[in-house]
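Values in this document were obtained by computation on a predicted structure and should not be read as measured data. By convention in this document, chain letters (A, B, ...) are assigned in the order of the sequence lines, proteins followed by strands, and residues within each chain are numbered from 1. Just so you know, these numbers use all the heavy atoms, side chains as well, and skip hydrogens, waters and symmetry mates.
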Amino acid sequence: MPGLDAISRGLMFDSLKQYAKRRIPYDLLRELDRKNEFPADILKEMYDTDILGIHLLLIPSEYGGLGGNTFDITRVCEALAHIDLGIATSVFATFLGSDPIRVGGTEEQKRHWMGRIAKEALLVAYGATEPDAGSDLVALTTRATHVVKNGKIVGYRITGNKQWISNGGVADVITILAAAPGGPSWFLVEKTAEGFSANHHEDKYGIRLSNTAGLALDDVYVPADHLIGGVEGQGLLQAQAVFGYTRLMVAAFGLGAGWEALETAIRYSQQRIQAGGPLSKKQGYMLKLIVPNAVKLEAARAYIEETAHRLDGDEHGLQTEGAIAKLSATEAGNKTAEDAIQALGGYGYTKDFPVEKIKRDVKITCIYEGTSEIMEMTIQRGRWQEHLKSRGQYYEGQAAEMDRLQAECPSVGAGSAALALRALNQVLEQVRLQRLTRHQHVSMRLGELIAQAETAAAFARAAAQPHYSESVRFDAEAWQAMSRVYAREAALDLCLKGTKLILGAGPLPEGFVQALGLDAALAAQAGSLEDQDLIARKLTEVFKSR
Amino acid sequence: MRTVVCVKQVPDTTEVKVDPQTGTLIRAGVPSILNPYDHFAVEWALKLKARHGGEVTVLTMGPPQAKAVLQLALALGCDRAMLLSDRAFAGSDTWATSYALARAVKKIGKFDLILCGQQAIDGDTAQVGPGVAQSLHIPQITFCDSIEVEGRKAKVQRHIDDGYEIVEAKLPVLCTMSLPHAHPLPWPSFPKVAQARSKVLEVWTAADIGAEPEKIGLKGSPTQVHKVYPPPLRAKGTVFTGSASEMASKLLDILRQENFIKP
Ligand SMILES: Cc1cc2nc3c(=O)[nH]c(=O)nc-3n(C[C@H](O)[C@H](O)[C@H](O)COP(=O)(O)OP(=O)(O)OC[C@H]3O[C@@H](n4cnc5c(N)ncnc54)[C@H](O)[C@@H]3O)c2cc1C
Ligand SMILES: Cc1cc2nc3c(=O)[nH]c(=O)nc-3n(C[C@H](O)[C@H](O)[C@H](O)COP(=O)(O)OP(=O)(O)OC[C@H]3O[C@@H](n4cnc5c(N)ncnc54)[C@H](O)[C@@H]3O)c2cc1C
């Protein structure tokens, strides 16, 4: 999908930032956070086509929207997360809630509902989770039964409970996943429907201004044309079909929130004088609390954008990639926010600075749209198949690509990424031989290692480009140093953590460590300190104290 | 009413640092924005269009990237845009810039009003607006806060050091706009940005506007910048001490002396 041009995207985001500066200052956010209150007026303005009309970005142009593509959507998600993750979540819920229509709706339904969302600026919610069906949606108990007239199905009656639905108490329309006689299916339910009610605004740890509510459906009638796609039993497939895309959005949330916290810390470090100088000049401080987070966030950025461009090309699904992006970016964002509190010391622990709120907010990105553990399982499952199908050639092929990149562009750490990918290949092969996937722990840790190795490769590819994405705020010297640091760490982690996994479950075969490339991964660590010093300096240049 | 607004793309100087050694601006990685005074000028042009009808044309001279500020102006409601872009313009000083802009205005055709910003936040000379007026032989009013148009007359409020004055001029006139403190500038909605893509944006070369080659670019620029340095800071303010009533009476004395309040 072509999407927007760079100039238009830039202008839209400028308008968004200016709006936020004027209407959503930190003091207001802090107040809403304290009061646990949803800012209905702000969301209304953000959907007002004379003020922002942000919801139009997700609606295809043929239905009155602006036809943003995946890259545009991830960029706006990152921009929103810089402002506030609660507001971002509320906007996202509309994106998410209308996705079943976008991917699974009939032409008629798309025209009707997309058109209404565009024109009437409807708030939408996505109702999948239930009290007893979270990660495991198959355990769903909400039921939809046929209403038959003259031998024809004219409608459905839906009964059940939904839990933790973003916008649940404020949405005009909710897409509800329910078990129909033909299998799980999505239905459109309007908030005015008889028998539909929303519970109280949950009292949460973070994103407190975002309305999260349980929903009760008591024999709610919907006409037959409210069954998305017109065919029963497509619900889980329709949900799966958008995961690659929706998880990228949450990944971008982790990125935006993480950077917001890190920028605050970097600017602060230049003003705070301790022991005779600014904290930004203390190497131990910068290399512990700041630099590693910048590196992980930028690595995740490279992975997110690569996946977004693939989805905007002609590739579909990419669920494993979506899961890798989400795991890398949200865990990086969460860790960054945690370290940002530490970097601000006592001030970081108070509500006078935004970092403690970001920390509470960003945690949700590791939970909703699939928890980090579910991501690890998804990644492992997807790549395990590739490893078996290709008889071990899957990662060898990627490593060979990194060898070529290393020859062409020796400054991006592609050699280390190749080491990580080859070590991964060895570990996977050993896991296969010893049939260790019967241990869930091994599978899930593999998921994490796979994400790390693939992210290193994506970062090296991106850092070797002659021109960087508009989202990158660093020059090639800085970004390539970040890529090298990430790849080195991946190479060593794959060797050490991989070995540890196998040793923990069974014997380590003769020659395994040599085949793994541990010596090379150790040798690759040379120059690491110098690179980190360089990154520390560049970060304070880009994010000057105000 | 036919209005032409001259706008310039400038680095966001709130993000710019001055190199202490050379005194020049460090521009690397700094985002570009529409000069805020020009942004205000666009707002006024559209306000007058809403009152009196007509057409607003927005004009800039700059590299191809300067298209972004024209797109912003179009998204805000301007009707068409012209980008003067040609290697031959490179190195133009305020004199050559004014000449080129005036040539472009002539090519645009009949006009009633030309609006500029009072100054560009990077070059800061405040010379281009007056230069364009001079090249076109039309009157100019600088540092304007607001404009009323009645028939063929413009009635303008311009600010001066210790207050403001109301000035009238016959159309056509060129006004340079200042920007009231903390004025919230308008920003376009997402759909307005998208719609602006289908408006007219023409790119003109030096030949298109019939500019004489020796009057533009380095050749046409008599100014040479010898040194750029930050101006000396103004004298420090006075700090009063004493009890509250002593300090208040000192302040009153000064306000009277300076004619801010009646003796
Ligand atoms: C603020 C907020 C907003 C939300 N918004 C929405 C929304 O708009 N729409 C919607 O449908 N849902 C929404 N959710 C629900 C969210 O997607 C679920 O909370 C999430 O999928 C996890 O499900 P659960 O809470 O039931 O946890 P569980 O599935 O019970 O998981 C609990 C823990 O066990 C782990 N775990 C689960 N299964 C396994 C397994 N098989 N093996 C190993 N470990 C496992 C999990 O990783 C987690 O750590 C929201 C939740 C919150 C908190
Ligand atoms: C780093 C730097 C180096 C420079 N070096 C030289 C030099 O060596 N010699 C030299 O003579 N000058 C030099 N200049 C000045 C340069 O030529 C001016 O930027 C330009 O001519 C406009 O002057 P100004 O920026 O002072 O604008 P001002 O006169 O302050 O601008 C007033 C108004 O005029 C209009 N305007 C100004 N420029 C344009 C434009 N390009 N297109 C449309 N409208 C416009 C806008 O409405 C603006 O608000 C330099 C400027 C910079 C920033």
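Of the two parts of R473(A), neither the backbone nor the side chain holds a non-hydrogen atom closer than 4.5 Å to a non-hydrogen atom of chain B. Of the two parts of D475(A), neither the backbone nor the side chain holds a non-hydrogen atom closer than 4.5 Å to a non-hydrogen atom of chain B. The contact between I51(A) and chain B is made entirely by backbone atoms, counting heavy-atom distances below 4.5 Å. With a 4.5 Å cut-off on non-hydrogen atoms, P184(B) touches chain A through its side chain but not through its backbone.
Contact annotation for residues 56-75 of chain B against chain A (heavy-atom separation below 4.5 Å, listed by residue number): K67(B), A68(B), Q71(B), L72(B).
Checked by atom type and distance alone, the side chain of S189(B) pairs as donor or acceptor with a backbone atom of T49(A) at under 3.5 Å.
Residue F190(B) holds its CZ atom at 6.0 Å from CG of L57(A), rounded to the nearest 0.5 Å.
The number of heavy-atom neighbours closer than 6.0 Å to NZ of K281(A), taken from other residues, nucleotides and ligands shown, is 12 or below. In the displayed structure, R22(A) atom CZ is contacted under 6.0 Å by more than 12 heavy atoms of other residues, nucleotides or ligands. In K47(B), the NZ atom is crowded: over 12 heavy atoms of neighbouring residues, nucleotides or ligands sit closer than 6.0 Å. Counting heavy atoms of neighbouring residues, nucleotides and ligands inside a 6.0 Å radius, atom OH of Y26(A) exceeds 12 of them.
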I'd like to know whether L11(A) forms a side chain to side chain contact (heavy atoms under 4.5 Å, CB included) with K192(B), so could you lay out the CA-CA distance, the side-chain angles of the two residues, the decisive distance to 0.1 Å, and finally the verdict. CA-CA 10 Å; L11(A) 291 176; K192(B) 289 275 161 38; over 6 Å; no

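Summarising the geometry of G3(A) relative to R197(B), their closest heavy-atom pair is O-NH1, 4.5 Å, with the distance given to 0.1 Å. Considering all non-hydrogen atoms of both residues, L52(A) and P191(B) come closest at O-CD, 3.4 Å.
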